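Data block below; observations after.
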Amino acid sequence: MLRPSEGLEIDGFKLGECLHQGGFATIWDVTHPLYRTPMVMKVPTILDGYDGPTIVGFEVEQMIMPRLTGPHVPRVMGVGDFSVMPYIVTERIPGKSLLQLFKTAPLPVSDVIEIAARMAEAVHALHKQHVVHLDLKPDNFLRRETGEIVAIDFGLSRHDELPDLLSEEFTIPMGTFPYISPEQYLRQRDDLRSDLFALGAMIYELATGKMPFGQPERLKGVRKRLWRDPVPPRALVPEIPEWLQEIILRALEVDPNSRYQSASQMLFDLSHPKQVKITARGLKTQRDGFWTVFRRKRKMRKVRRFAAPPTMLSQIDRAPILMVAVDLSAEMEELAHRLLTWVQRMLVIQPDARVACVNIIKTARIGIDPITTEDGENIHVSRLVTLRAWAEKLDLPEERLTYTILEHSDPGRALLDYAANNHVDHILMGARGHSSTRRYLGSVSSQVVAEAQCSATVIRLAQAEGEGETAGK
Amino acid sequence: MRLAILTDIHGNREAFSAVLADVERRAVDRIVLLGDIVGYGPDPEWCADKAASLVGAGAIAVKGNHDNAIGDTSETMGKVAAAAMEWTRPRMNEAQRQFLAGLPLTQELGDILFVHASANDPGDWIYVTSAQRAIGSFRVCSSRLIFCGHVHVPALISYGLTGQVQEHEFRIGAAVPLIRSRRWIAVVGAVGQPRDRSPEAAYAILDTTTNELSFRRVAYDVGSTAAKIRAAGLPEMLATRLLKGE
């Protein structure tokens, strides 16, 4: 096996300077006559003799990384064989890891939210591609000049459609102790919500400057997080708003079922702070008392694993963001009712869904904004009240419902933008009956169906026989 | 190059045709038959002829224990298999007998080895049912990829740089990269008599360019085959097992 050194040429790649020397790998600046993109090469440091963990971790990276696409992962340019020299060449992401930034924590709340949202966005992008990272930490996030966060180091990751090379390899939990989730401690490697726990730990650290579970050096110390709750962030930094503490502590719940059920749902809360439902978690001012912790410890002692979803995609499917566009005008009452029935049905098959109810106030023209007038204000408030009354019948817990009134001259465009910005998985909306003007001018629902990047379901009322034809004439 | 790998057809014309039709649609360059073309099923003649014509057109084929039993009466078999073999043997014409008898036990293509049961002692029909049982096959040859059948339950096993042998879960239809740092054994499930609780015919596609393997399943008219088995007076359990896939 070759060892990397400056000047070495392999498969057309020429090694330059060594940029980083870590415990398990070295990173080299490389060039290739065919590629103009700045690139780096990662070469695992394989010790002589048995070095299973390093080898398998690198095999996992070689298997998973070439399959990932998009701005939140580095683009892979080449992969090297173990028989000559194992390596992975990727584009070089300029700038440093988030570790530098974390060293300056606590950060102002606005910065915490911005970075938290971008990290959640990157994690959601991985999950959508079947990958749970399982080793999220500040050193494994880079930042592009355009702002997107890039996840690196997939040595402990799991792709739910590929063999898990690590499953039988090690008998000890794998991950980085300050950020590892309780289920990873129990050696479960199949739950995307483990990444949400790590995100929660990182946001905690950004906001308070402290790690929620400290820096345990032994596994015994890691185990404590199965029953011992962290100090509430607001007890450390009183400026942290209740809603942010709510988000952090929800992500840090011990049982994955009590956490956010997908990164997109977490991102949704981070982008709509006013809509976050504050529970006891957000209001907590101190750690749980002795007896609570004692009881929890007794209970957790027996826990061998937490219920995990059958597959990652099934988890994303059962926890989608459903956007429901409701028309609340009087003549559409029956359609709004029908739409409600459909949302209820969808909640049966997607039990962890979160529902974003949206209503549109159509403005006359761009530039003229009725909300500035008192009248406009009234319209806005009354619409919100009606929307809430409509959604109340869904019987969903507050924290899974949001209400938004959009104002736009082009309702279709407004709905599409809202769906795209909020990573909506499915749009439900009603369509008015057929009419000739609609046929010629086009309807909002047909525009949404045609242009939406996610699934869209249009609900129509059954028409009396012959009605459609007459209307069409 | 894309290879379609089929095994354990077992005289099941409906399953064999359905898989070949699926192969047609998937830009496959070459077909590989891992043996047990006949035995158990009601259409051994058609299956043997079809296999012979595929081989004539460039397919790779190896011999299975049932193919061997046509000409070799000393082959030991279970009760049901033996009864079905008694029924099958007289139905084979001279050309079919010669074709089956002439099949080799193993074939190689580059760094790939094809064998019906296991690479260690291919004529002994060892079942590769676990990672432990696969070790022997890895030890006797240096091929990077080994494809076998015989078990009727698909499986994927790897042999790592440090000598660890591991069985892997996989999802039907998903392309698994057979990373080059490991050697791999793929037990391809049965076309004509699946036993993993799915009645759908199993096969696999290997893309040697991307180095990816996909296990596939194809639905076929199981009811017709089961009816033929009953009409032919073959043991009843051969019909029920097809319907249940066990």
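Source: prediction; values computed, not measured. Each chain gets a letter, A, B and so on, in the order its sequence line appears, and its residues count up from 1.
Around atom CZ of A/Phe24, no more than 12 heavy atoms belonging to other residues, nucleotides or ligands sit under 6.0 Å away. Residue B/Arg139 qualifies as open at atom CZ: its count of foreign heavy atoms under 6.0 Å is 12 or below. Atom CZ of A/Arg75 sits in a sparse spot, with 12 or fewer heavy atoms from other residues, nucleotides or ligands closer than 6.0 Å.
The shortest non-hydrogen separation linking B/Ala175 to A/Leu162 is O-CD2, 3.5 Å.
A/Leu165 places a side-chain heavy atom less than 4.5 Å from the side chain of B/His168. Put simply, the side chain of A/Asp81 does not reach to within 4.5 Å of the side chain of B/Ser181, judged on heavy atoms. Using a 4.5 Å heavy-atom threshold, the side chains of A/Val56 and B/Leu161 count as separate.
Electrostatic pairing of A/Arg67 and B/Glu212 counts as a salt bridge here, judged by a charged N lying under 4.0 Å from a carboxylate O.
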One pair to check against side chain to side chain contact (heavy atoms under 4.5 Å, CB included): B/Val176 and A/His159. What are the steps and the verdict? CA-CA 11 Å; B/Val176 179; A/His159 188 299; over 6 Å; no
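Atoms CG and CE, from B/Leu178 and A/Met63 in turn, are 9.5 Å apart once rounded to the nearest 0.5 Å.
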